[in-house]
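So the structure is just underneath, and the comments pick up after that.
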Amino acid sequence: MGQMIPDLAAASRAVPAKFKSNGISNGINGASKKCQYDPTFTQKVIAATGPNAHPRLAQIFPSLVRHLHDFAREVNLTVAEWSAAVDLLNDCGRMSDDRRNETQLLCDILGLESLVDEITSKQLATSTTQTPSAILGPFYRSDAPFLPNGSSIVQDLSPAVPWYEQAQADSAFLSGRVLSTDGKPIENAVVDVWHTAPNGLYEQQDSDQPEMNFRGRFRTDQQGRYALYALRPVPYPIPDDGPAGRLLKMLDRHPNRPGHIHFIVSADDHRPLTTQLYDSRDQWVDNDAVFAVKDELVVKFEPREGDPEARWELSYDFVLGRC
Ligand code: BEZ
Ligand code: FE
């Protein structure tokens with residue numbers, strides 16, 4: 001069992017037994033605990049929204065308030081517990097800057113980024129044959145270099161690099177096509193790709209890596225083909241030295257993501273696709289700390305013959321929906 005945050009542990013001990021949740025939902029407005037809490041309260045908060053409220057907010061805010069209030073009533077949330085949650089959110093804010101987004105990380109371990117990604121992609125989908133999306137994650141850089149088709153995103157690999165041998169063993173050739181949902185290849189599509197080094201760190205997390213290591217953008221040829229050299233991805237822990245990591249420990253959860261390669265694939269007249277491909281042989285593929293894995297995105301790297309640059313290969317076609 002993970003260690004509890006002291007404040008929350010104390011807050012939890014301070015709750016009289018009669019108020020501890022029995023785990024059974026009390027329904028809207030705590031229906032099974034009739035009259036224990038003011039039954040008009042939630043409606044009062046909802047009704048406070050004014051006639052000039054932002055339209056989308058006016059539409060969704062009542063639901064947010066209802067769910068939040070029902071949660072608080074259902075678990076008999078105490079001031080001390082609520083206060084510990086406020087401290088956690090404040091800590092996330094304090095830790096966030098343009099290199100680290102701790103609040104997004106908190107959403108990730110709650111599964112919220114993956115859920116919102118699924119909702120958004122299904123709302124916008126124009127065909128069932130489109131490649132499924134997956135979350136962007138916090139380590140994307142929008143200005144990766146454009147590289148010639150067939151070149152490598154691995155920079156300055158020499159025996160002096162601590163993970164040189166693993167990089168050799170994991171060297172991989174990735175190729176495939178970018179297609180429209182009608183099966184036609186898309187010329188000039190951009191395949192933006194990034195992954196970690198064999199030490200599990202993205203280049204911006206690791207001052208020993210060259211700028212933009214393991215990142216590149218490739219343009220498809222007339223047949224819609226892309227090709228590049230990269231590495232078979234390794235699993236890595238999401239940053240767990242902040243409040244999101246503290247919560248993981250309290251929940252007795254691990255921080256690991258299965259090895260994956262990130263992609264953003266874009267083309268004229270098509271919706272950009274943000275996705276990830278997961279190595280089927282990774283030990284965490286069924287147990288991702290941020291719940292982003294989808295079956296269609298799990299791939300099998302095959303041994304590559306006769307290429308001194310790569311021991312593995314992967315062929316994958318991306319299918320983009322039209323705008
Ligand atoms: C990532 O895949 O880069 C990632 C996603 C969510 C949280 C942390 C990292
Ligand atoms: Fe990642």
Side-chain angles (χ1 to χ4, degrees), residues 88 91-93 95-121 131-144 153-154 163 167 170 172 174 191-206 209 212-217 228 230-249 251 253-265 272-294 296-299 301 314 316:
L88 185 90
D91 283 350
C92 285
M95 195 161 197
S96 296
D97 55 25
D98 55 3
R99 295 177 77 87
R100 176 162 182 167
N101 190 335
E102 190 70 13
T103 317
Q104 184 176 341
L105 204 57
L106 182 66
C107 291
D108 288 336
I109 65 171
L110 294 171
L112 189 59
E113 192 182 354
S114 281
L115 177 61
V116 169
D117 173 62
E118 187 199 3
I119 293 168
T120 307
S121 65
T131 303
S133 61
I135 61 175
L136 178 67
F139 297 113
Y140 175 59
R141 293 184 65 180
S142 58
D143 49 353
I153 60 171
V154 186
W163 28 262
D170 290 343
L174 313 185
V191 177
D192 191 343
V193 52
W194 70 105
H195 65 67
T196 70
N199 62 4
L201 295 173
Y202 289 94
E203 48 84 27
Q204 72 265 57
Q205 297 176 285
D206 181 1
Q209 287 186 53
M212 295 290 176
N213 203 18
F214 303 111
R215 292 177 192 274
R217 285 185 282 180
L228 62 127
L231 300 184
R232 234 180 113 164
V234 295
Y236 65 82
I238 59 173
D240 65 349
D241 54 343
R246 288 208 315 268
L247 183 61
L248 279 181
K249 286 186 190 90
L251 292 167
R253 277 175 49 183
H254 70 81
N256 301 305
R257 295 221 62 210
H260 58 274
I261 304 179
H262 292 266
F263 296 88
I264 297 179
V265 185
L273 168 71
T274 300
T275 196
Q276 306 180 15
L277 296 180
Y278 301 92
D279 191 333
S280 61
R281 276 166 278 199
D282 192 287
Q283 63 170 314
W284 301 106
V285 77
D286 296 320
N287 192 2
D288 179 6
V290 299
F291 309 98
V293 179
K294 292 175 181 156
E296 302 92 318
L297 301 174
V298 176
V299 294
F301 286 80
L314 173 68
Y316 194 88

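One-based numbering, in listed order, for ligands and for the atoms of each. Note that these values count all heavy atoms, side chains included, but never hydrogens, waters or copies made by symmetry.
A salt bridge links R100 with D241: at least one charged nitrogen is closer than 4.0 Å to a carboxylate oxygen. D117 and K294 are joined by a salt bridge, as a carboxylate oxygen and a charged side-chain nitrogen come within less than 4.0 angstrom of each other.
Around the Fe ion (ligand 2), the protein N, O or S atoms closer than 2.8 Å are Y202 OH, Y236 OH, H260 NE2, H262 NE2, listed by chain and residue number.
Formation of a donor-acceptor pair under 3.5 Å by the Q209 side chain with backbone atoms of L201 is found in this model. Within the 3.5 Å criterion, the main-chain N or O of A289 finds a donor-acceptor partner in the side chain of R253. No donor-acceptor distance shorter than 3.5 angstrom exists from the side chain of T196 to the backbone of Y202, with no hydrogens or angles considered. Checked by atom type and distance alone, the side chain of E203 pairs as donor or acceptor with a backbone atom of M212 at under 3.5 Å.
Inspection of the Y236 and H260 side chains reveals an N or O donor paired with an N or O acceptor under 3.5 Å.
In summary, the aromatic rings of W194 and Y140 are positioned with their centroids under 6.0 Å apart.
Protein residues are said to neighbour a ligand when one of their heavy atoms lies under 4.0 Å from it; for ligand 1 these are L105, D108, I135, G137, P138, F139, Y202, Y236, I238, R257, H260, H262, V290.
Tested against R215 for a side-chain hydrogen bond (donor to acceptor under 3.5 Å, both in side chains), the candidates Q204, H195, H262 yield a single pass: Q204.
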